[in-house]
Colleague: 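Structure provided below as structure tokens; questions to follow.
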Amino acid sequence: MTDIQTNLEKVKQQVAELAKQHQSDNASAPDRSPIKVLAVSKTHSPEKVREAHAAGQSDFGENYMQEALDKIQALQDLPLCWHFIGHLQSNKARLAAENFDWVQSVDSMKLARKLSSASSADKPLNITVQVNISREEGKFGIDPDDTESFCQEILTLPNLKLRGLMAIPEATDDPAKQQEYFGALRQLFQTIGDKFNPPEWDTLSMGMSGDLAAAIAAGSNMVRIGTAIFGPRQ
Ligand SMILES: *Cc1c(COP(=O)(O)O)cnc(C)c1O
């Protein structure tokens, strides 16, 4: 087995164990959908993505438009599902809508409107709203206090499929802080789901290589993993 295959196996096993733990800690909770692993391939070559695909991985995340477009082009022969997860300028909305299946980093109405106009009703774009859950100064993402009304407005746009929320909390090794941020996003996810009942509200995207345990314990159902699958980035 190659390193990438071995790493993927390990990550999937870890995710499965954490999911089981979460399930038994919340015995009264209904069974949740399986936790999806998004392989974050930014800075890594198309060959590595090919290896991960050969090991059964289908969903990949990219942060930089030009790099991503080159990679998507080079891998056109594979049935991959591409997620844009970096900051997206609204002048690149059309490129994103035309080349990606998901945009996870929706953080303004201007961007959302452009993504909607660049998509169509028969091929709506999957999106999650990025929330600045740890309220960091100058960081991308909707303020937690504005997220409800933001989602409500998103739901009026015709060609977007609002799937849920995404966050990149402040980096910290403090488990209490991690729990606080992930718990807050989980709560928002629940509140918005209950209040507006969006038709396909199923994605709570939180957790990366360094904090996936805390994220899954708080109810994440999509973890975005780069380093633990592909190794360190240059
Ligand atoms: C790079 C990146 C990741 C993956 O980070 P790792 O620590 O390498 O797992 C996840 N989410 C976003 C938004 C990223 O930019």
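Start at 1 and go down the list; that is how both ligands and their atoms are numbered. Just the heavy atoms: all of them, side chains too, but no hydrogens, waters or symmetry mates, feed the values below.
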Colleague: Just to confirm my output: which protein heavy-atom neighbour is closest to atom 8 (O) of ligand 1, and how far is it?
Modeller: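 Atom 8 (O) of ligand 1 sits closest to the protein heavy atom T227 OG1, 2.6 Å.
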Colleague: Counting both backbone and side chain atoms, is some N or O of I168 under 3.5 Å from an N or O of ligand 1?
Modeller: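 Checking ligand 1 against I168, no N or O pair falls under 3.5 Å apart.
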Colleague: Relative to ligand 1, is N63 under 4.0 angstrom through side chain, backbone, both or neither, heavy atoms considered?
Modeller: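 The answer is the side chain.
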Colleague: Please determine if D107 and K139 form a salt bridge, counting it only when a charged side-chain N lies under 4.0 Å from a carboxylate O.
Modeller: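 Looking at K139 together with D107, the answer is no, because their closest N to O distance does not fall below 4.0 Å.
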Colleague: Could you tell me if the side chain of C151 sits less than 4.5 Å from the side chain of L162, heavy atoms only?
Modeller: yes
Colleague: Need the ligand 1 atom indices (1-based, order shown) with element for anything under 4.0 Å from a heavy-atom of I85.
Modeller: 11 (N), 12 (C), 13 (C), 14 (C)
Colleague: List ligand 1 atoms under 4.0 Å from I225, heavy atoms only on the residue side.
Modeller: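 Near I225, meaning under 4.0 Å from one of its heavy atoms, ligand 1 has 9 (O).
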Colleague: Any side-chain heavy-atom pair from V11 and V223 closer than 4.5 angstrom?
Modeller: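 Of all side-chain heavy-atom pairs linking V223 with V11, none is under 4.5 Å.
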Colleague: With ring centroids as reference points, do W201 and F189 lie under 6.0 angstrom apart?
Modeller: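 Yes.
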Colleague: Could you tell me the separation between the CG atom of D122 and the CG atom of N159, rounded to the nearest 0.5 Å?
Modeller: 8.5 Å
Colleague: Measure the spacing between CG of D70 and CD of E62 and express it to the nearest 0.5 Å.
Modeller: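 With rounding to 0.5 Å, CG (D70) is 10.0 Å from CD (E62).
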Colleague: Is it true that E98 and K92 have a side-chain N and a carboxylate O under 4.0 angstrom from each other?
Modeller: no
Colleague: With respect to atom 6 (P) of ligand 1, which of S209, G207, G210, A228 exhibits the smallest heavy-atom separation?
Modeller: S209
Colleague: Which atoms of ligand 1 sit under 4.0 Å from any heavy atom of R224?
Modeller: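 Listed by number with element, the hits are 4 (C), 9 (O), 10 (C), 11 (N), 12 (C), 13 (C).
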Colleague: Distance to 0.1 Å, residue and atom name: give those for the protein heavy atom nearest to atom 10 (C) of ligand 1.
Modeller: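 Answer, as residue, atom name and distance: M208 SD, 3.2 Å.
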Colleague: Looking at ligand 1, is there an atom of it that comes within less than 4.0 Å of some heavy atom belonging to Q104?
Modeller: no
Colleague: What atoms of ligand 1 come within less than 4.0 Å of a heavy atom belonging to K42?
Modeller: 1 (C), 2 (C), 3 (C), 14 (C), 15 (O)
